[in-house]
2 protein chains.
Amino acid sequence: MEKKPENCRVDNALEIIVGKWKPIILLHLLQEGTKRHGELKKNLPDITQKMLTKQLRELEKEDIIERKVYSQIPPKVEYSITDYGRSLEPILDAMHHWGTNHSLRKSQKEAIQNDKIS
Amino acid sequence: MEKKPENCRVDNALEIIVGKWKPIILLHLLQEGTKRHGELKKNLPDITQKMLTKQLRELEKEDIIERKVYSQIPPKVEYSITDYGRSLEPILDAMHHWGTNHSLRKSQKEAIQNDKIS
DNA sequence: CAGTATCCTCCTGGATACTG
DNA sequence: CAGTATCCAGGAGGATACTG
């Protein structure tokens, strides 16, 4: 695996992960297992149905999640992480770890700023 | 560090890294050390000056890189990774690793498709 | 229940020209 | 050399209404 900048493949991973709701959707499926469309919607109160469907479809197209349709009325659709999708977990963990530390750092900086002012 | 989806901090990290040219800029600075504006431009043939400046400014604002200006004519400006920026390396490595494997996987899939057709 | 179908807004990124 | 200043196109994401 070449590490020279010219051979950068970071964007290949970013393409998959980037999307307003993709990381949080992946965390739900990774940590809580299979979920129905409606359950995800309930856990993501601010997402619209259109966006939820769109993000799920994009993840499905890349084999990150699996979509299982039950032909019944009313319809039932279940989403789950694929093995391949699970391979993203170290990346998501690393980002969550860094992100947690980053927000800490930011609030500390702001505290210092406020001290200076007062 | 809570790992429940509701406490997701992945986006905090994504915000910093996402940007058409940020990952590759970071790799250059991480792996080749301090660089002048013009050197980066030369290594990134397709970037416009406006975009290069914009991406660098955004990284600087987050303390990921440092900008050092030499007051002389003609001007000289050097960019380098900060210690804090270096803390992103595990994330970038993980994404590069995953991304390399992902493009391999994709080309294998395409090969299978072509076999089926012919 | 789990979607489509429209319409709309904003923001990212690019082309191009100019400057201390 | 290392930037600004404009102008512009495309796409991501959202609001809302409808449907098998």
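Atom set for the values below is all heavy atoms of this structure, side chains included, hydrogens, waters and symmetry mates excluded. To find a chain, count down the sequence lines: A is the first, B the second, and so on, and within it residues start at 1.
Between the side chains of B/Glu78 and B/Tyr70, at least one donor-acceptor pair of N or O atoms lies under 3.5 Å.
The existence of a salt bridge linking A/Lys109 and B/Asp63 is confirmed by a sub-4.0 Å separation between a basic side-chain nitrogen and an acidic carboxylate oxygen.
Note that OH of A/Tyr79 and CG of A/Leu29 are 10.0 Å apart. Values are rounded to the nearest 0.5 Å.
Taking atom NZ on B/Lys50 and atom C1' on C/dT19, their separation rounds to 17 Å, with Å as the unit. With rounding to whole Å, B/Gln55 atom CD is found 9 Å from C/dG13 atom C1'. A/Gln49 places its CD atom 15 Å from the P atom of D/dC18, with the value rounded to the nearest Å. Computed from coordinates, the B/Glu39 CD to D/dA2 C1' distance equals 13 Å when rounded to whole Å. We find that CE of B/Met51 is positioned 19 Å from P of D/dC7, with the value rounded to whole Å. In this structure, the CD1 atom of A/Ile73 is 14 Å from the P atom of C/dG3, given to the nearest Å. Look at NZ on A/Lys41: it is 13 Å from P on C/dG3, rounded to the nearest Å. In this structure, the CD1 atom of B/Ile17 is 17 Å from the P atom of C/dT12, given to the nearest Å.
Here A/Arg67 does not reach the OP1 or OP2 of C/dA2: none of its side-chain N or O atoms lies under 4.0 Å away. The phosphate of D/dA2 (OP1 or OP2) has no side-chain N or O of B/Arg57 nearer than 4.0 angstrom. Between A/Arg36 and C/dC1, a side-chain N or O to OP1/OP2 separation shorter than 4.0 Å is absent.
Between A/Gly19 and B/Pro74, it is B/Pro74 whose nearest contact on DNA chain D lies nearer the 5' terminus. Of the two residues contacting DNA chain D, namely A/Thr48 and B/Glu78, the nearest-nucleotide position lying further toward the 5' end is that of B/Glu78. When the nearest nucleotides of DNA chain C are assigned to B/Trp21 and B/Pro75 by heavy-atom distance, the more 5′-ward of the two goes with B/Trp21.
Contact check for B/His37 versus B/Gln49: side-chain heavy atoms found under the 4.5 Å cut-off.
Shown here, C/dT19 forms a base pair with D/dA2; the pair counts as Watson-Crick or G-U wobble because both key distances fall under 3.5 Å.
Side chain of A/Thr53, nearest nucleotide from C/dA2, C/dT4, D/dG13: C/dT4.
At a threshold of 4.0 angstrom between heavy atoms, the contacts of B/Tyr79 are confined to the sugar-phosphate backbone, with no base atom among them.
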| field | Test log, rule side chain to side chain contact (heavy atoms under 4.5 Å, CB included), inputs B/Lys61 and B/Glu58 | value | CA-CA 5 Å; B/Lys61 189 178 303 177; B/Glu58 288 171 9; 5.7 Å; no
